Amino acid sequence: MNAPVVQLSNICLGPVGKPILEHINLSLDAGHFLGIVGPNGAGKSTLLNIIAGLTAPHSGHIDLFGQCLRRFNRRALLKQVGFLHQLHEHQPRLPMRVRDVVAMGMPSFANPLRWRTLSVQPIMDALALVDLQHLADTDFRQLSGGQRQRARIARALVGRPQLLLLDEPSAALDSARQDKLFRLLRRLCDDNGMSVIMVEHDIAAISSHVDSVACLNRRIHHHAMHGEQIPESIWQAMYGEHIRIVAHDTSCIGCVPDISHAGHTHD
Amino acid sequence: MIEFLHQFLASPVMRESLEPALLIALVTASVSVMIMAHRLSFLTVGVSHASLAGMGLALTLSLPLLPTATAFAVLIALLLAFIPQRQGISEDAGTGILFAGSMALGIILISSAPSSRVDLFGLLFGNILTIAPEDMRWLWLIAGVILAVLGIAARSWWSIAFDSVTAAASGLPVAGLRLLLYGIVGLTVILCVKLAGIVLTAGLMILPAACAWFWGRSLFDLWLIAVLFSLAGTIAGLLWSYAYDWPSGASVVMALCGLFILSWIIHGRLAWLKQHVLKQ
């Protein structure tokens, strides 16, 4: 049996009295699409940063593709990981064509010995995935916010990663584009065996696409598989007593105990 | 005009100055793209002024001028990379402190040195016309190191300038590469000081990329255009310097400033025309 793509064992970060993350255990197999939801400051982005090797946990163990993530093998392991961090204010300053932005996601981009082997086709393929191939030669600074976000997603995908870490990828995308993105990710998981960990706020938007949802607020309160319901007590433990669950559709990974696969969180 | 060019090329002093000036133009233009991309213009100003202390130290202790100044400039550049990270001081404040402190130390050391050994005007404003053969070997060595490192690390630095978080997540050693860049900026400053002096060095290290920024659309474009602007500015500056007997460094920086203004105006007009034509 193949080793899990990601295996987190007892990950803790932050001081004992005020932990940022505590006792995180998570295992992800190839082709699995995991959504992470939780309130602001729950540690969602921090958890992604830990998996991407950007932040070292205070304790615990990270295995990627069956190997322990260490300083010496970090670079080789991360070549198989696509990463999209949360979009803060990011007004691009560098004059670059869209295709050059995407090229930066190729594992051999920074290797001077392999510049000549950089092929254009994977870049155009990645741009086609997000419907931006017609803008390949456009100046990245002239794109709209949503187009820039799609180019960044293409950059994360261009190296055909085995693991994709996405922090609120739907930010700046309209609802039609969001849905298209989630469908694309689902297809890449099913067809290519890529695994995805995606942080999102809106569980209703992602629940019909993902295989499971982890409810995170410093620790994983619940890890619901597709078709499983998330008890209201879990939402209240994460967001507070004032939370009320309202069902909107029937495809959501369970939000309301007595309505199967349906739900949406409201303050 | 042709006769003037003939006279210029026939002048042994100007002919000898062409090689180092064009070498400096090539290297500074190449590094200037990274300086613009990483917003290190103020660091460049800081390191170039701080290098006066290195020169003062060399004069006081009778050490070779260029190697001592080189070591000092690289040290200052690396300190500027470290201090803000470690002590929570903003990078511009750190640069300002080291810049003023080193400049003060340099002035004290140089004023204490035997006056016959000091060409203060040359140090401050540069003089490419008095370059010695041993200096030339040193310049070639520094230029070779800078261009080799640029060739290897340019794309990594570009990637970091675009998005350092994603660059780190792709496995690039971002902190180490940043230190390397600061060190290379320190080395380039020393290369420039011979032509433009401490005061004008920043002009050579910022203006070529600033001119190219209007026209380039990729790293290679920017590099090529910056090099062309830099070579054009250097040749024009040396011609001015020869024609009017102006200081060479100041003439080159003035020519580059002229090219920048020209670029800015032409780019602005073209953008306006494009918009105007598109509207119709």
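Only a predicted model underlies this, so the values are computations on that prediction, with no experimental measurement involved. Numbers restart at 1 for each chain; the letters A, B, ... are given by sequence-line order, proteins then strands.
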Quiz item: Is there a donor-acceptor contact under 3.5 Å from the side chain of B/R217 to the main chain of A/D139?
Solution: no
Quiz item: Roughly how far, to the nearest 0.5 Å, is CD1 of B/I160 from CE of A/M104?
Solution: 11.0 Å
What are the two closest non-hydrogen atoms of [X] and [Y], and how far apart are they?
X: A/A110; Y: B/R155; value: CA-CB, 4.2 Å
X: B/W158; Y: A/P95; value: CZ2-O, 4.0 Å
X: A/L78; Y: B/A168; value: CD1-O, 4.2 Å
X: A/R97; Y: B/S218; value: NH2-CB, 4.0 Å

Only distances under 3.5 Å count here; give the side-chain donor-acceptor pairs of residues 23-30 of chain B to other protein atoms, sequence neighbours excluded, each with its distance to 0.1 Å.
from, atom 1, to, atom 2, distance (Å)
B/T28, OG1, B/I24, O, 2.7
B/T28, OG1, B/A25, O, 3.2
B/S30, OG, B/L26, O, 2.8
B/S30, OG, B/W223, NE1, 2.9

Exercise. For B/S263, enumerate each residue passing the side-chain hydrogen bond (donor to acceptor under 3.5 Å, both in side chains) test, keeping only those at least two apart in sequence or located in another chain.
Key: B/W215
Quiz item: Who among B/V174, B/L172, B/L219, B/D221 has the most heavy-atom pairs with chain A under 4.5 Å?
Solution: B/L172
Quiz prompt | Residue among B/G216, B/G171, B/S170 with most heavy-atom pairs under 4.5 Å to chain A | solution = B/G171
Exercise. Check step by step if side-chain contact (heavy atoms from CB on, under 4.5 Å) holds for B/F162 and A/R155.
Key: CA-CA 12 Å; B/F162 179 75; A/R155 180 190 173 173; 3.4 Å; yes
Quiz: residues 136-148 of chain B side-chain donor-acceptor pairs under 3.5 angstrom, not counting sequence neighbours:
from, atom 1, to, atom 2, distance (Å)
B/W138, NE1, B/T70, OG1, 3.2
B/W140, NE1, B/E19, OE2, 2.7

Self-check item: Within residues 48-77 of chain A, residues adjacent to chain B where the heavy-atom gap is under 4.5 Å
Solution: A/A52, A/L54, A/R74, A/R75
Quiz item: Could you go step by step and tell me if B/V165 and A/F83 meet the side-chain contact (heavy atoms from CB on, under 4.5 Å) rule?
Solution: CA-CA 9 Å; B/V165 178; A/F83 181 73; 3.9 Å; yes
Self-check item: Derivation of the side-chain contact (heavy atoms from CB on, under 4.5 Å) call for B/D163 and A/H85
Solution: CA-CA 10 Å; B/D163 181 349; A/H85 64 89; 3.0 Å; yes
